[in-house]
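Reckoned from all heavy atoms, side chains included, excluding hydrogens, waters and symmetry mates. Just follow the structure's listing: the first ligand is 1, and inside any ligand the first atom is 1.
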Amino acid sequence: MNKNKIVYVGLSADILHEGHINIIKTAKKYGDVIVGLLTDRAIASYKNLPQLSFKQREVILKNLKFISKVIPQKTLDYTYNLNLIKPDFVVHGNDWKSGVQKHVRSKVIKTLKKWGGKLIEPKYTKNISSTLIKKRILETLNSGNRVFRLKRLIHSKDIVRILESHNALTGLIIENLNIKKNKIPVEFDGMWSSSLTDSATKGKPDNSSVDFSSRLSSLNDMMDVTSKPLVFDADNGGRIEHLPFLIKSLERTGASAIIIEDKIGLKKNSLFKNQRNTKLDKPEQFAKKIKKICSSRQSNDFMVIARIESFIVGKGLKDALKRAEIYSKAGVDAILIHSKEKTPKEIFSFAKEFKKSENFVPLVSVPSTYSSVYEKELIKNGFKLVIYANQLLRAAYPAMVNVAKTILKNSRALEVDKKIIPIKEIITLIKND
Ligand code: SPV
Ligand code: MG
């Protein structure tokens with residue numbers, strides 16, 4: 001070992017495997033090892049949030065005999081920490097020569113040059129992957145872990161992206177779909193159990209005809225085959241006296257958040273133009289529901305989100321802001337400000353004012369009617385969660401009607417074959433191993 005030499009190793013170290021140990025042992029040969037442990041935010045900037053929190057990962061690394069010190073690395077980019085420490089060596093597996101980290105690698109080489117530091121790149125350990133291990137763990141993941149993931153995501157990402165799921169199959173799409181955008185993998189962070197699409201799937205209107213036991217049964221189906229967080233749309237939550245039982249069921253099932261709206265009377269979907277008979281609850285009365293949920297939840301990680309319907313019923317900004325203050329003081333973790341306008345103008349004006357309040361909490365957006373809004377605009381205006389509330393069902397329904405019509409028209413099924421997935425694919429869609 002080179003005495004007094006400093007070796008820097010950047011790690012996520014979510015699931016420690018022999019590949020990591022190989023890197024750390026190699027590093028130790030060159031000097032004292034300082035690990036720059038990537039924060040949740042740094043990791044979330046280029047891949048999925050780790051299973052273990054920063055603190056948990058830190059404890060593990062601090063107790064490894066080859067490591068002298070662990071410091072946070074707050075970005076994927078090493079430059080800040082390297083300038084701080086000026087290590088003699090940086091050690092990293094040679095797998096980063098291509099892909100998302102290629103650019104990070106070039107910057108490391110450039111920075112090290114300033115004081116004559118060297119980059120050491122041991123051969124990447126084959127046949128071992130955190131992703132593979134994670135996949136197996138996720139399959140047996142307990143619901144507790146899922147519950148607290150939403151809060152962690154909100155703290156670590158600029159915006160948390162949720163998509164509507166109305167059954168287990170749509171849950172699987174959200175769970176597994178992953179595309180590359182500018183070489184960075186992007187995916188949905190969780191599921192929205194929508195009262196609208198769950199009811200429509202059951203052929204019923206969105207007026208609470210589908211009761212909570214039925215809604216929970218749909219939830220269980222999704223939970224059986226997924227691991228991502230789920231946000232539950234509970235309409236107005238029902239009677240205050242029944243809320244503790246609903247919360248207990250939701251937490252047990254593994255939901256991460258409940259959203260309740262401040263409407264009373266027979267439930268009517270908020271996107272209907274005519275809201276003449278829709279009444280809002282008295283804000284103080286609704287605050288009692290919030291307090292009831294907060295006091296009956298088992299874990300503070302289970303998030304309580306209040307949905308303000310002032311704009312929906314035409315009550316305007318002042319009413320919405322007054323309600324936001326009251327609901328926030330009652331203990332909500334976030335506020336969904338709903339709108340059925342074609343642009344996000346009114347929700348942005350709400351955000352601008354509410355941001356000034358000392359009771360500000362993260363905001364949630366449901367861009368169904370103002371769908372042209374980009375996530376980056378929502379981020380800029382203080383939104384932390386975006387819920388794409390109904391798009392999967394809206395896609396599936398016309399596709400099915402179209403196929404049914406084509407079969408009727410042709411008195412046979414050949415014509416639809418090219419519009420639908422092959423039999424081979426559908427029978428192997430769900431793996432049976
Ligand atoms: C839902 O998806 O059921 C919602 C959102 O509550 S909205 O349809 O806009 O009311
Ligand atoms: Mg709903």
Checklist entry - Just one of D233, D198, L163, I174 clears the side-chain contact (heavy atoms from CB on, under 4.5 Å) bar with W192, so which one? => result D233
Checklist outcome for this item: Of I259, I260, D235, the one forming a side-chain contact (heavy atoms from CB on, under 4.5 Å) with R307 is I259
Can you give the donor-acceptor pairs under 3.5 Å from side chains of residues 311-321 to other protein atoms, not counting sequence neighbours?
from, atom 1, to, atom 2, distance (Å)
D319, OD2, S310, OG, 2.7
D319, OD2, R323, NE, 2.9

Checklist entry - Considering only heavy atoms, which of R307, K267, E309 lies nearest to atom 10 (O) of ligand 1? => result R307
Checklist entry - Any idea which protein heavy atom is nearest atom 9 (O) of ligand 1, and the distance to it? => result H338 NE2, 2.8 Å
Item to check | Shortest protein contact, atom 8 (O) of ligand 1 (heavy atom only) | outcome: N269 ND2, 2.9 Å
Item to check | Stepwise salt bridge (charged side-chain N to carboxylate O under 4.0 Å, His left out) check, K263 with D281 | outcome: CA-CA 5 Å; K263 289 201 294 240; D281 206 349; over 6 Å; no
Checklist entry - Of all residues at least two apart in sequence or in a different chain, which pass the ring pair (Phe, Tyr, Trp, His ring centres under 6.0 Å) check with Y78? => result Y8, W96
Checklist entry - How about E251 and S299: does a side-chain donor come under 3.5 Å of a side-chain acceptor? => result no
Item to check | Modelled atom types, side-chain donor and acceptor of D14 and S12, under 3.5 Å | outcome: no
Item to check | N/O separation below 3.5 Å, S194 to ligand 1 | outcome: yes
Next on the checklist: Is it the case that ligand 1 has an N or O less than 3.5 angstrom from some N or O of W192?
Outcome noted: yes
Item to check | Contacts of type side-chain contact (heavy atoms from CB on, under 4.5 Å), residue S53, not counting sequence neighbours | outcome: K55, Q56, R152
Suppose I only count heavy atoms of [X] and a 4.0 Å limit; which atoms of ligand 1 are within that range?
| X | answer |
| --- | --- |
| L196 | 1 (C), 2 (O), 3 (O), 8 (O) |
| S195 | 3 (O) |
| S270 | 10 (O) |
| A389 | 2 (O) |

Next on the checklist: Is N390 close enough to touch ligand 1? Criterion: a residue heavy atom under 4.0 Å from a ligand atom.
Outcome noted: no
Next on the checklist: I'd like to know if E261 contacts ligand 1, where contact means a heavy-atom distance under 4.0 Å to any ligand atom.
Outcome noted: no
Next on the checklist: Could you check whether any side-chain N or O of S106 sits under 3.5 Å from a backbone N or O of K102, counting only pairs where one atom can act as donor and the other as acceptor?
Outcome noted: yes
Checklist entry - Short question: side chain of T75, backbone of D77 - any donor-acceptor pair under 3.5 Å? => result yes
Next on the checklist: As a test of understanding, state which of H155, R57, K157 forms a side-chain hydrogen bond (donor to acceptor under 3.5 Å, both in side chains) with D40.
Outcome noted: R57
Checklist entry - If you measure from each non-hydrogen atom of D235 to ligand 1, which part falls under 4.0 Å: side chain, backbone, both or neither? => result neither
Checklist entry - Close to the Mg ion (ligand 2), meaning under 2.8 Å, how many protein N, O or S atoms are there? => result 2
Checklist entry - Should the ring pair F383 and F348 be called parallel, tilted or perpendicular, given that the plane angle runs from 0 to 90° and is split at 30 and 60? => result tilted
